[in-house]
Asker: 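This is the structure, below, for whatever I ask next.
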Amino acid sequence: MDYKGSLNEVIKKHNSDPNRGLTSDEASKRLDKYGKNIIESSNKKSLAKKIIEQVADPMVILLVIAAIVSAFTGDAIECGIIIAIVVINAIMSIIQEGRAEDSVAALQKMSSPEATIIRDGSRKKLKAEELVPGDVVIIETGDIIPADMRLLESSNLQIDESSLTGESVAVEKDFSKEFNEDVGIGDRDNYAFSSSIVTYGHGKGIVTATGHETEIGKIATSLENVEAKDTPLQKQLKKLSKLLAVLVVIVCILVFVVGYFRSEMDMLDNFMVAVSLAVAAIPEGLTAVVTIVLSIGMNRMAERKAIVKNLLSVETLGSTTVICSDKTGTLTQNEMTITKIYADGKEFEVEGSGYEPKGDIRDDKGEIVENHDQIKLLMTIASLCNDANLTREDDIYKITGDPTEGAMLTLSEKWNINQENLNENHPRLEEIPFDSTRKMMTTFHEKEGDYYSFTKGAPDVVIDKCTKTLVDGQIVDFTEELKKKALEENTKLASSALRVMAYAFRSLDSLDQDLTTENIERDMVFVGLTGMIDPPRPEAKAAVKECHASGIDVIMITGDYFETALAIAKDLGIATSRDQAMQGSELNNKTEAEIREIVKTKRIFARVSPENKVQLVKALGQNGEIVAMTGDGVNDAPAIKNADIGISMGITGTDVAKDTADMILVDDNFATIVNAVEEGRVIFANIKKFVSFLLSCNIAEVLIVFLSILFGLPSPLTPIQLLWLNLVTDAFPALALGVEPAEPGIMEEDPRDPRESIISGKTKTNLISQSIFITIAVLGAYLVGLKWIFPNSIEGAHTMVFATLITSELLRAFSVRSEKFTLKELGFASNPQLIKATILSFALLLVVMYVPVLRDLFEVVSLSWEWIPVLILSLIPLILGEISKVVRRK
């Protein structure tokens with residue numbers, strides 16, 4: 001809180017000398033007391049912890065128990081395969097998720113490696129990590145501020161704090177300002193923050209906080225204290241695992257009890273059958289298929305410019321209900337652009353956005369203006385009275401220096417007025433630098449033997465200093481009427497959230513005079529105004545519209561000014577009125593309950609602090625929303641971490657934001673989020689499909705064995721046949737279902753309720769009905785085999801069951817592709833991967849049946865004409881499933 005109070009109080013508090021700094025001895029003592037000026041993480045995960053987290057998943061625990069039971073029953077093959085699945089799944093998850101989030105390491109990268117300080121009365125370079133409270137630091141243009149500091153001096157000092165506050169424009173600093181009450185981070189004009197960048201001027205400051213005590217350090221601490229939340233998919237898989245565990249126990253008990261009374265097997269054999277069936281009831285391939293499908297989804301998202309770092313976050317996107325977006329660099333381009341010119345009493349529209357000098361200038365009739373003396377003069381002043389540089393690297397235009405001045409250079413280049421050529425022809429002879437008191441900058445140039453002063457600055461100040469203006473190319477008196485018109489234009493542009501700049505000049509007899517603001521910046525000729533803004537991304541408007549059509553709300557949360565945020569939000573369609581916007585400071589004294597009500601109606605939050613962003617994300621979460629938070633700055637990191645899905649920009653994003661986020665947009669394109677949401681919805685829909693497919697197959701297997709024992713029949717399947725079904729035959733179609741194309745209209749549906757179970761509604765109905773249909777078909781095949789086709793061969797009857805079960809399950813995979821559309825509507829060949837998987841699985845069945853060694857191992861026989869009843873019975877579940885869709889829809 002050292003921005004408050006007088007400067008002398010701060011100096012006294014830190015017991016320092018503004019002119020001589022600290023002594024080396026005192027600095028050494030303080031280094032021992034406060035520690036190094038670095039931010040260390042105490043929350044780093046070890047490899048062992050990551051492995052434990054993978055193995056601690058309920059489904060994995062269930063598989064491990066199944067493996068132990070298999071080992072106990074003497075089935076070493078099944079035990080080995082299940083353990084292999086668990087190990088491979090854990091390895092895949094760790095590899096796919098990549099390196100752990102290391103936000104704190106990224107924060108360290110952002111710190112300045114060296115700082116110029118005053119120690120023992122003399123200047124010296126020092127590693128930034130060795131700074132201590134009380135050190136006096138010299139700051140120059142281009143420096144990264146190495147620690148939080150109260151300014152002791154400032155000369156035309158401007159600092160880019162966008163990564164911390166979200167404000168597009170560099171902040172003017174004034175060491176003489178004093179605050180006695182709390183003000184937001186973006187309004188502390190007498191203070192400089194660690195990791196921000198000096199874009200203009202120079203100054204001196206006394207270090208007041210280092211390491212974790214800096215504003216950026218507090219963000220790091222808040223990141224470490226945020227606990228990772230389970231994704232909706234994790235929650236649903238845990239519920240499913242618990243349900244399966246209960247069902248497995250029930251099945252085990254039922255089969256054992258029924259077998260005891262209905263079977264001739266002794267108690268031990270009966271127990272082994274019950275345990276084997278219970279193990280068979282667990283879909284061993286489910287965890288592996290989920291991991292593989294999520295991995296495939298990650299790769300598909302990467303192709304669409306969205307890198308997802310956490311496997312389970314892939315699906316979370318599909319259930320997103322609210323996207324909280326930062327403004328600067330996310331919804332906007334983070335490139336100041338001049339969009340309006342006022343000259344000769346008229347307003348002109350400037351086309352194009354960003355720093356690439358493309359776009360025409362049009363008059364009020366919409367006609368292109370190719371030449372206009374007054375606009376040309378305005379552009380000349382804007383280019384010469386300018387300290388920025390516009391450069392081109394690999395067809396990309398970049399600005400070095402102040403973004404506002406960069407916008408002026410871009411404007412001039414649109415008419416091929418090049419700064420470098422101007423400086424060669426009219427070199428800068430002298431200057432009066434910009435300062436926040438007079439709010440103007442003036443440079444002096446020679447043109448064809450005459451001397452001129454060119455001035456730019458705040459419109460109200462510049463207009464007040466002008467006594468002449470230009471009308472139709474002629475210098476005339478700047479009457480009160482003309483001044484009023486210019487001031488009204490300034491108000492009009494400013495009310496549209498544009499940053500307005502005024503331009504003027506003065507003819508001088510010579511430079512042999514006292515070049516002070518009092519002598520020069522008066523009696524000037526007013527030339528015109530420009531209005532600039534950080535424009536919305538062209539694709540963002542369509543993306544916001546698509547979000548709304550998909551039932552997803554978009555909320556802008558920014559550190560920028562209220563009017564600017566409101567204008568951009570209205571332009572993008574995020575909000576329609578001022579009533580939907582509020583200042584972040586208004587949240588400071590609100591209770592959690594009040595904020596929860598506020599977020600239901602407000603769509604814009606301006607001048608927010610990092611703490612406000614976290615408050616808003618948490619309030620939305622408490623309202624039951626699934627929140628995606630986008631951002632690119634350090635100030636966004638805590639909110640990104642607290643969101644269900646944190647999203648960072650890949651180009652403009654800071655290392656902190658990238659490392660904290662679950663997803664990175666490679667192209668910084670807000671529209672890419674919509675693509676990722678669609679992919680997330682498709683992935684969850686496909687997970688539902690293959691979970692339904694695997695469970696219906698497993699339930700059918702349990703019912704077939706249970707009912708056979710109940711009716712006093714021999715066991716219809718051997719343990720190795722059950723294992724083959726679960727781990728091989730079912731796995732390939734399940735994987736193919738995982739890459740099923742999006743169903744028509746998937747983005748026109750509302751986001752799914754995150755509390756909705758994977759198995760619910762139509763899915764549950766289909767699962768139960770298909771399990772029954774398959775059971776009927778397979779039991780029919782078993783009875784046909786036992787009574788008529790293979791009355792003297794249990795292997796033959798087993799083969800009928802084995803072949804019918806596999807074939808009906810493979811056909812079931814085609815029906816499960818949609819709960820709404822029939823196979824005819826979807827098209828049989830619209831998922832070629834499923835056709836390939838079905839052919840492969842069926843080929844494996846034939847290999848088992850017709851290769852002698854495998855035939856003996858699996859205890860089956862070769863079929864010939866017997867395939868006819870097998871195929872007829874296998875078609876029953878598919879036909880009944882398709883009919884039920886039509887009936888249900890009607």
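Heavy-atom basis, side chains included; hydrogens, waters and symmetry copies ignored. Quick note: residue numbers are just sequence positions, from 1.
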Asker: Flag the pair Leu878 / Arg812 as yes when at least one side-chain heavy-atom distance between them is below 4.5 Å, and no otherwise.
Answerer: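 A side-chain contact under 4.5 Å is absent here.
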Asker: Could you report the tightest heavy-atom contact between Leu572 and Pro536, atom names first, then the distance?
Answerer: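 Smallest heavy-atom distance, with atoms named: CD2-CB, 3.6 Å.
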Asker: What is the minimum heavy-atom distance between Gly551 and Asp750, and which atoms define it?
Answerer: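 Looks like CA-OD1, 3.8 Å.
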Asker: Hey, is the main chain of Pro877 close enough, under 3.5 Å, to the side chain of Gln770 for a donor-acceptor pair?
Answerer: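 The answer is yes, because a donor-acceptor pair under 3.5 Å joins these two groups.
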Asker: Measuring from atom CD1 of Ile776 to atom CG of Leu703, what distance do you get when rounded to the nearest 0.5 angstrom?
Answerer: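 One gets 10.0 Å once the value is rounded to the nearest 0.5 Å.
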Asker: Between Ser708 (side chain only) and Ile704 (backbone N and O only), is there a donor and an acceptor less than 3.5 Å apart?
Answerer: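 Yes, the answer is positive, given that a donor and an acceptor are paired below the 3.5 Å cut-off.
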Asker: Do Leu863 and Met849 touch side chain to side chain, with heavy atoms closer than 4.5 Å?
Answerer: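 Leu863 vs Met849: side chains touch.
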Asker: For residues Ile645 and Val627, determine if any side-chain heavy atom of one lies less than 4.5 Å from a side-chain heavy atom of the other.
Answerer: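 No, their side chains stay 4.5 Å or more apart.
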Asker: Side chains of Arg537 and Thr332: do they bring a donor and an acceptor to under 3.5 Å?
Answerer: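 Arg537 vs Thr332: no donor-acceptor pair found between side chains.
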Asker: Taking the side chain as every heavy atom from C-beta outward, state whether Ser325 and Met629 have any pair of such atoms under 4.5 Å apart.
Answerer: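 No, their side chains stay 4.5 Å or more apart.
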Asker: Grab the two heavy atoms, one from Ala736 and one from Ala837, that are nearest each other, plus how far apart they are.
Answerer: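 That would be CB-CB, 3.9 Å.
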Asker: For the residue pair Asn766 and Phe693, establish whether any side-chain heavy-atom pair is separated by less than 4.5 Å.
Answerer: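 Asn766 does not reach Phe693 side chain to side chain.
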Asker: Considering non-hydrogen atoms only, spot the tightest contact between His548 and Asp553 and give its length.
Answerer: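 Shortest heavy-atom contact: CD2-CA, 4.5 Å.
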Asker: How far does OG of Ser319 sit from CD of Glu625, to the nearest 0.5 angstrom?
Answerer: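 The OG atom of Ser319 sits 11.0 Å away from the CD atom of Glu625.
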Asker: Ring centroids only, cut at 6.0 angstrom: are Phe842 and Trp867 within range, meaning strictly under it?
Answerer: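 They qualify: ring centres under 6.0 Å apart.
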Asker: In Å, rounded to the nearest 0.5 Å, how long is the span from CG of Leu840 to CG of Leu845?
Answerer: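 Leu840 atom CG to Leu845 atom CG measures 11.5 Å (nearest 0.5 Å).
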Asker: Does the pair Lys820/Glu749 count as a salt bridge with the N-to-O cut at 4.0 Å?
Answerer: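 Result for this pair is yes, salt bridge flagged.
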Asker: Using only atom types and a distance under 3.5 Å, with no angle test, would you say the side chain of Ser550 pairs donor to acceptor with the backbone of Glu748?
Answerer: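 A pair under 3.5 Å: no.
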Asker: Please tell me if the side chains of Met556 and Leu331 come closer than 4.5 Å, counting only heavy atoms from C-beta onward.
Answerer: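 Yes, side chains in contact.
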Asker: Search all heavy atoms of Ser874 against all heavy atoms of Thr804 and return the closest pair with its distance.
Answerer: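 Heavy atoms of Ser874 and Thr804 come nearest at OG-O, 3.4 Å.
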Asker: Any side-chain to backbone donor/acceptor pair from Ser771 onto Leu767? Under 3.5 Å, distance only.
Answerer: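 Flag set: sc Ser771 to bb Leu767 pair under 3.5 Å.
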Asker: Within the side chain of Ser862, is there an N or O that forms a donor-acceptor pair under 3.5 Å with the backbone of Tyr850?
Answerer: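 Flag not set: sc Ser862 to bb Tyr850 has no pair under 3.5 Å.
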Asker: Assess the side chains of Ser864 and Glu866: does a donor N or O sit below 3.5 Å from an acceptor N or O?
Answerer: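 Note: Ser864 and Glu866 side chains meet the donor-acceptor criterion.
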Asker: Measuring from atom CG of Asp856 to atom CD of Glu795, what distance do you get when rounded to the nearest 0.5 angstrom?
Answerer: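 Asp856 atom CG to Glu795 atom CD measures 9.5 Å (nearest 0.5 Å).
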Asker: Looking only at atom types and distance, does a side-chain atom of Asp662 sit under 3.5 Å from a main-chain N or O of Gly646, one as donor and one as acceptor?
Answerer: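 Flag set: sc Asp662 to bb Gly646 pair under 3.5 Å.
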Asker: Would you confirm whether Ser715, through its side chain, and Leu717, through its main-chain N or O, come within 3.5 Å as a donor-acceptor pair?
Answerer: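 Checking the backbone N and O of Leu717 against the side chain of Ser715, a donor-acceptor pair under 3.5 Å is found.
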Asker: Any salt bridge linking Glu882 with Lys885? Criterion: basic side-chain nitrogen under 4.0 Å from a carboxylate oxygen.
Answerer: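 Yes, Glu882 and Lys885 are salt-bridged.
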Asker: Could you state the interatomic distance from CD (Glu809) to OG1 (Thr838), rounded to the nearest 0.5 Å?
Answerer: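 Output value for this atom pair is 11.5 Å.
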Asker: For the atom pair CG (Leu665) and OG (Ser648), what is the distance rounded to the nearest 0.5 Å?
Answerer: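 Going from the CG atom of Leu665 to the OG atom of Ser648 covers 7.5 Å.
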Asker: For Lys689 and Glu743, what are the C-alpha separation, side-chain angles and deciding distance, and is it a salt bridge (charged side-chain N to carboxylate O under 4.0 Å, His left out)?
Answerer: CA-CA 12 Å; Lys689 290 168 189 176; Glu743 287 188 45; 3.2 Å; yes
Asker: Does any non-hydrogen side-chain atom of Ile806 lie less than 4.5 Å from one of Ser841?
Answerer: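 Answer no - side chains too far apart.
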Asker: Between Asn831 and Glu740, is a side-chain hydrogen bond (donor to acceptor under 3.5 Å, both in side chains) present by the stated rule, with each step listed?
Answerer: CA-CA 6 Å; Asn831 184 353; Glu740 179 74 21; 2.6 Å; yes
Asker: Within the structure provided, determine whether Met663 and Leu317 are in side-chain contact (heavy-atom separation under 4.5 Å).
Answerer: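 The answer is yes, as the side chains (C-beta and beyond) meet within the 4.5 Å cut-off.
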Asker: Keeping the roles fixed (side chain from Arg304, backbone from Ala676), state whether a donor-acceptor pair exists under 3.5 Å.
Answerer: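 Not a single qualifying donor-acceptor pair exists.
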